[in-house]
Asker: 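Quick one: the structure is below, and I'll ask about it shortly.
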Amino acid sequence: MTTQSKNDLRPIRSPRGVPFLGHTPQIPSTNPVEYFGKLSKQFPEGLYGMEIAGIEQVFVWDPDLVAEVCDETRFYKQIDKTPLAHVRDYAGAALFTAHQHEEEWGMAHRVLLPAFSQRAMKGYYGQMLEIAQNLVGKWERREGQPVNITDDYTRLTLDTIALTGFGYRFDSFAKEDLHPFLNALLEALIESLRRSQELPMMTKMRKADDKKYRANIQLMRDLVESVIKERHEGKGTGEDDLLGLMLEATDPETGKGLEDDNVRDQVLTFLIAGHETTSGLLSFATYSLMRNPQVLAQAYAEVDRLLPGDTVPDYDTIMQMDVIPRILEETLRLWAPIPMIGKSPIEDTVIGGCYELKKGARVNLLEGPLHTHPKAWDRPPHAYKPFGNGVRACIGRQFALTEARLALALVLQKFKFADPNDYKMDVKEALTRKPGGFELKVRARREHERTVFGAVDLQTDDTR
Ligand code: MNH
């Protein structure tokens with residue numbers, strides 16, 4: 001960057017605030033990111049600043065500004081002063097919430113990366129399929145009754161990461177209620193978010209909430225302890241899943257293994273990060289398909305072509321799909337399950353040639369406004385960030401996409417959906433977002449509803 005004269009600098013504009021209290025009083029206690037997204041419409045320059053709980057924050061979504069913020073020589077993933085600083089109360093220095101400078105991040109990243117290669121996905125596939133078939137089984141038993149789509153996708157994704165990662169069975173489809181772990185997690189996430197938006201003084205005054213928060217954290221840790229204990233007692237070590245790797249592997253760079261407490265925090269992190277977002281993705285995808293019957297018809301046609309009759313999908317078939325992955329990508333564009341990520345400049349810097357950011361300033365990248373910005377169409381590399389950026393981007397991307405492709409393919413092979421209550425999107429934000437109260441009726445597809453492909457059709461592209 002060339003030297004900047006003071007004259008080139010322009011102030012970052014702000015919505016009107018309250019003297020002394022900044023913008024804190026106007027932040028809604030539910031769905032704050034939705035609110036930040038609405039405010040973006042008032043600032044065509046693609047960024048604005050706000051003071052929340054005494055912290056200056058800058059929100060950016062213009063693709064050119066975002067491209068600068070994604071330059072890892074200038075910006076890093078910010079934990080301090082973000083909700084993640086509070087998520088560390090239970091996720092510690094595990095992958096998601098570790099500071100870039102903490103040794104724990106690099107160690108876990110190096111040890112776990114091989115477990116997330118596309119090749120590794122082939123190894124998890126059988127277990128992914130087993131859980132997806134449990135979902136199908138439940139919906140077959142519920143034929144004609146309303147099912148809570150989001151809750152069932154949550155059962156699916158939680159059971160999948162627990163089984164593939166840790167050999168642990170939640171058996172969520174056998175139970176009427178969601179596992180208590182999920183409620184504890186939801187409440188803890190909401191509390192973390194709330195703490196990041198209020199002055200510490202306010203947090204201290206909410207004694208009962210604090211007690212509840214600690215109890216929720218304890219419940220989650222107890223579960224993780226039992227997952228680890230089961231491994232030590234049962235199958236023993238030597239499994240080549242995530243837990244096996246974390247217990248056994250030494251980091252090539254430091255020559256050390258992961259500490260016990262760190263393994264505990266990683267297991268909890270994977271149970272959280274490995275299910276929340278993918279269930280949101282599947283829920284938003286199903287919602288979007290209900291609203292786009294032509295796309296739904298294309299998805300059915302793809303499934304009927306690749307999985308005729310009762311064909312059980314194998315890994316290669318899932319990888320050959322085209323329409324379903326595009327539906328998932330588009331869903332991630334319009335409904336990114338993690339709607340905002342935090343970055344900070346390593347040194348004082350200037351973005352867009354005129355907006356000054358101080359070292360360590362908190363910069364929030366707004367996914368929704370970024371993904372729908374008119375410039376997004378001709379700025380591809382940095383205009384689509386549903387999995388975050390750089391070394392701190394999602395490690396579980398292939399895992400999520402493999403699991404989601406399979407689940408969507410299987411439910412479309414088997415079911416038709418009906419929306420008798422005309423569901424209106426009601427986003428619920430915790431750290432991730434999901435549709436709230438999303439119910440549909442499901443019923444088995446009949447033979448005549450399946451797309452019929454003749455031998456000729458199979459050889460041409462225009463089978464629709
Ligand atoms: Mn995931 C980081 C989105 C599925 C495990 N994930 C991130 C980030 C985003 C993200 C965005 C970066 C956050 C930040 O910068 O603060 N993740 C997703 C989405 C899906 C998803 C949209 C599904 C769709 N993630 C998964 C799955 C797993 C997983 C599945 C595990 C099996 N994600 C992680 C971990 C990190 C992460 C671990 C932290 C990586 C790191 O910082 O090194």
Side-chain angles (χ1 to χ4, degrees), residues 33 69-70 72 75-80 82-85 87-88 91-100 102 104-113 115-117 120-121 124 127-128 153-154 156-166 241-243 246 265-285 325 327-344 362-368 370-371 384-408 431-434:
V33 183
V69 172
C70 287
E72 293 181 272
F75 289 83
Y76 64 96
K77 169 165 167 169
Q78 176 66 289
I79 308 284
D80 284 334
T82 80
L84 296 186
V87 175
R88 280 175 69 99
L95 273 180
F96 204 95
T97 45
H99 296 285
Q100 197 56 50
E102 281 177 310
E104 284 89 340
W105 181 78
M107 284 176 62
H109 181 74
R110 288 183 292 270
V111 164
L112 290 171
L113 208 53
F116 287 99
S117 65
M121 296 311 129
Y124 304 133
Q127 293 176 320
M128 287 184 175
Y153 285 142
T154 300
L156 171 92
T157 54
L158 179 67
D159 282 28
T160 302
I161 184 62
L163 182 60
T164 56
F166 314 111
D241 59 8
L242 300 185
L243 184 55
M246 291 193 286
D265 296 345
Q266 304 285 2
V267 172
L268 185 52
T269 291
F270 277 101
L271 286 179
I272 301 170
H275 93 274
E276 271 271 305
T277 42
T278 315
S279 84
L281 165 59
L282 283 165
S283 306
F284 286 122
I327 290 166
L328 295 171
E329 275 171 28
E330 181 68 348
T331 304
L332 289 168
R333 183 175 76 85
L334 295 172
W335 298 103
I338 297 189
M340 185 172 101
I341 59 176
K343 299 285 176 192
S344 274
R362 186 173 154 188
V363 180
N364 298 310
L365 197 160
L366 290 175
E367 300 276 351
L370 169 67
H371 291 168
Y384 186 68
K385 292 282 165 189
F387 291 102
N389 186 60
V391 292
R392 299 306 295 268
C394 181
I395 200 172
R397 179 182 188 146
Q398 307 306 334
F399 189 101
L401 294 176
T402 306
E403 178 185 16
R405 279 181 183 205
L406 167 59
L408 206 51
L431 217 52
T432 72
R433 56 178 174 175
K434 289 180 182 183

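No experiment lies behind these values; they were computed from the predicted model shown. When a residue number appears, it is its place in the shown sequence, counting from 1. Just so you know, ligand 1 is whichever comes first in the structure, and atom 1 is the first atom listed for that ligand.
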Asker: Strictly distance-based, threshold 3.5 Å: is any side-chain N or O of R88 a donor or acceptor partner for the main-chain N or O of A93?
Answerer: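 Checked: no pair found.
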Asker: Just to be sure I'm reading this right: ignoring hydrogens, which of L328, I338, T157 gets closest to atom 9 (C) of ligand 1? Compare them by their nearest heavy atoms.
Answerer: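 Comparing heavy atoms across L328, I338, T157, the nearest one to atom 9 (C) of ligand 1 lies in I338.
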Asker: Determine, considering heavy atoms only, which of A108, P339, A273 sits nearest to atom 5 (C) of ligand 1.
Answerer: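 It is A273 whose heavy atom sits nearest to atom 5 (C) of ligand 1.
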Asker: With respect to K77, determine whether any N or O atom, backbone or side chain, lies less than 3.5 Å from an N or O atom of ligand 1.
Answerer: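 So ligand 1 has an N or O lying under 3.5 Å from an N or O of K77.
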Asker: Mind checking whether K343 has an N or O less than 3.5 Å away from an N or O of ligand 1?
Answerer: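 Looking only at distances, the answer is no, because the N/O contact criterion of under 3.5 Å is not met.
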Asker: Among G274, A400, P386, which residue places a heavy atom closest to atom 11 (C) of ligand 1?
Answerer: P386
Asker: Pick one of side chain, backbone, both or neither for how A393 approaches ligand 1, counting any non-hydrogen atom pair under 4.0 Å.
Answerer: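 Within the 4.0 Å criterion, A393 contacts ligand 1 through backbone atoms alone.
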Asker: Which is closest to atom 32 (C) of ligand 1 by heavy-atom distance: T164, I161, T331, L84?
Answerer: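 Answer by nearest heavy atom: I161.
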Asker: Return yes or no for this condition: an N or O of L95 is under 3.5 Å from an N or O of ligand 1.
Answerer: yes
Asker: Quick one: look at F96 and ligand 1, take heavy-atom pairs under 4.0 Å, and tell me if it's side chain, backbone, both or neither.
Answerer: both
Asker: With atom 4 (C) of ligand 1 as the reference point, say which of T269, T277, L113 has the nearest heavy atom.
Answerer: T277
Asker: Mind checking whether W105 has an N or O less than 3.5 Å away from an N or O of ligand 1?
Answerer: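 In this structure, W105 places an N or O atom under 3.5 Å from an N or O of ligand 1.
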Asker: How far apart are the closest heavy atoms of I161 and H275, and which atoms are they?
Answerer: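 Heavy-atom minimum between the residues: CG2-CB, 4.2 Å.
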Asker: Given 3.5 Å as the limit, does a donor-acceptor pair link the side chain of R333 with the main chain of P386, or not?
Answerer: no
